[in-house]
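Structure record follows, encoded as structure tokens.
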There are 2 protein chains.
Amino acid sequence: MLTTENMSSPSQTDAAFLASYDPTAFERPSVAVDVALLTAFDGALHALLIRRPAPPEHDKHALPGGFVGIEEALDAAARRALRDKAGLDRVFIEQLYTFGAPRRDPRTRVITVAYVGLINAARFTAALDAKPGGEVARLDVPWEGETGGAVRAKSAVGKRLRLAFDHADILGMAVKRLRGKLNYTAVGFQLLPPAFTLRALQEVHETILGHDLNKDSFRRRMLASGALEATGEREEDVGHRPAELYRFVRQSAV
Amino acid sequence: MLTTENMSSPSQTDAAFLASYDPTAFERPSVAVDVALLTAFDGALHALLIRRPAPPEHDKHALPGGFVGIEEALDAAARRALRDKAGLDRVFIEQLYTFGAPRRDPRTRVITVAYVGLINAARFTAALDAKPGGEVARLDVPWEGETGGAVRAKSAVGKRLRLAFDHADILGMAVKRLRGKLNYTAVGFQLLPPAFTLRALQEVHETILGHDLNKDSFRRRMLASGALEATGEREEDVGHRPAELYRFVRQSAV
DNA sequence: TGAATAGTGTCTATAAGACAATATCCC
DNA sequence: GGGATATTGTCTTATAGACACTATTCA
């Protein structure tokens, strides 16, 4: 019933095979996760970076991350990195891309599964204040559209930061992904507080895309999409006519 | 085992650190690649599968794949899997998603970096004929749009195939990605021969998307995109007016 | 000549950009 | 009231869907 070209005896059961399997037969790479935690304010995207306290890449700035536990899911490892390195919980994350160039880490072969995390500016800055070690980096995206490529990171005082490993590429991929998603998903609200004005939403979109949007068209498109719901509340103390506050509606099945 | 940073002195140089680094300190997962090699014909997407000749998942159908060499780039491992398992070279591939649920492989922790590969039907069937072992599976996508989820695979005679590991999810993700890309990229030509008619291109798009498209609009959109170039040739022996043959133009910088 | 699909032209509906007019808040 | 932005309405333009009509090949 079974062919003879099998590598092990075909009559062997799965259980028997497992008992004889040697998991140390091949040299294995290390697997890590890194999270590009992004937020938007002051007209630019910002990421949370941590200065490396030790070699390799000593003193350079790196994304929060860590090695994946042998029994740990990838998403769980990413959430743990955010919790341990930034004191943050319940953050929207999404797997981005896996970076595995053989020499990307000088220690040994390290393959990293990169994630994007999105959070609103208030939570971002509160986390920085509450837990020392993290730094905010303003991202300077030197390409348009979804071209892609590395991005530059600047400190609060405008100084260019040196990024560890290939983390400039990871951040670039995160921005590229975000720009792409904006065309067909309402992902911008992850960068805003629960209630927000249409202008605030438009500013987030403009910040992500790196160019201005037509106000009328943006407004119509957002309201027509059905993703927004008026709260009945209005913004206050703004020095001009206050705008309606909206919230995002959980998308129902189409 | 869960901490990323080592406890060595921060003033230690990178070189000194590397000399003292112990790469076996943590238990490491195995890292593999799997390729969802897709083509389109007979109004359906098809994938190349290989019946597993041995445990685990003995006799179930799996994507071509393999473990990543300790010095091997991820893309290179994916190409090697296509070469070794299907005898195929120079195939368009793109990284898809990394699957790493702790128990997805019963042997040990295996994290797999999944790729999508696209190839035209002629090369696909030629490869199956030339190298035994591979089988063609017709994909049955039980969801619409970019909802996502697992897909079902059927053999040439219509029998449902049992897929190994989480490969039904990987194939589902591949279809979802392909559908998404179709909205903003000319990726369909990877599934067609070098010269093709507009109708053939439309059929590929319809096959990927799982629904019909408006002919007039599709035609206008494709010609206006600048991605197509008339060859001056026409199809032959078709029993009706022959259509112009087009080729894809390499996209120049926008 | 007839079957069958390719390709063109035109009309209509919808979405985007532009812009003007009015509304509403804080100072 | 003045400054500033929100919100509504209208006009114009670009694109998509629908459909009619002509063109071209093979049998």
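Note on naming: letters A, B, ... go to the chains in the order of the sequence lines (proteins, then strands), and numbering restarts at 1 for each one. As the structure is a computational prediction, the values presented were derived from the model and not from experiment.
Computed from coordinates, the A:Leu213 CG to C:dA15 P distance equals 18 Å when rounded to whole Å. A:Leu223 has its CG atom 12 Å from the P atom of C:dA16, to the nearest Å. What separates CG of B:Asn214 from P of D:dT15 is a distance of 16 Å, to the nearest Å. One interatomic measurement links the two molecules: CG of B:Asp237 to C1' of D:dA27, which rounds to 12 Å at whole-angstrom precision. Summarising the geometry, the separation between CZ on A:Phe218 and P on D:dA6 is reported as 12 Å, rounded to the nearest angstrom. Between A:Asp216 atom CG and D:dT13 atom C1' the separation is 15 Å, expressed in whole Å. Rounded to whole Å, the distance from CD on A:Gln202 to P on C:dG17 is 11 Å. Note: CZ (B:Arg234) to P (D:dC26) measures 11 Å, nearest angstrom.
Of all nucleotides listed (C:dG17, D:dT7, D:dA16), D:dA16 comes nearest to the side chain of B:Ser217. Nearest nucleotide to the side chain of B:Arg241, out of C:dA16, C:dT5, D:dT7: C:dT5. Distance from the side chain of A:His240 is smallest for D:dA4 among the nucleotides C:dA6, D:dA4, D:dC26. Nearest to the side-chain atoms of B:Lys215 among the listed nucleotides C:dG7, D:dC26, D:dA6 stands C:dG7.
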Test A:Phe124 against A:His46 for ring pair (Phe, Tyr, Trp, His ring centres under 6.0 Å), laying out the working first.
-> CA-CA 9 Å; A:Phe124 185 93; A:His46 293 76; 7.3 Å; no
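For D:dG17, its base sits under 3.5 Å from the side chain of B:Arg220 at one donor and acceptor pair at least.
B:Asp212 and B:Gln202 form no side-chain donor-acceptor contact under 3.5 Å, judged by distance and modelled atom types alone.
When heavy atoms are screened at a 4.0 angstrom cut-off, A:Glu244 is found touching the sugar-phosphate backbone but no base atom.
Put simply, A:Arg199 has a side-chain N or O that comes within less than 4.0 Å of OP1 or OP2 on D:dA6.
When each of B:Thr197 and A:Gly239 is assigned the nucleotide of DNA chain C bearing its nearest heavy atom, the one mapping closer to the 5' terminus is B:Thr197.
By the neighbour-count criterion of 12 heavy atoms within 6.0 Å, atom CD of A:Glu229 is densely surrounded, having more than that number from other residues, nucleotides or ligands. In the displayed structure, A:Lys181 atom NZ is contacted under 6.0 Å by more than 12 heavy atoms of other residues, nucleotides or ligands. More than 12 heavy atoms of other residues, nucleotides or ligands lie within 6.0 Å of NZ in A:Lys60, so this atom counts as buried by the packing criterion.
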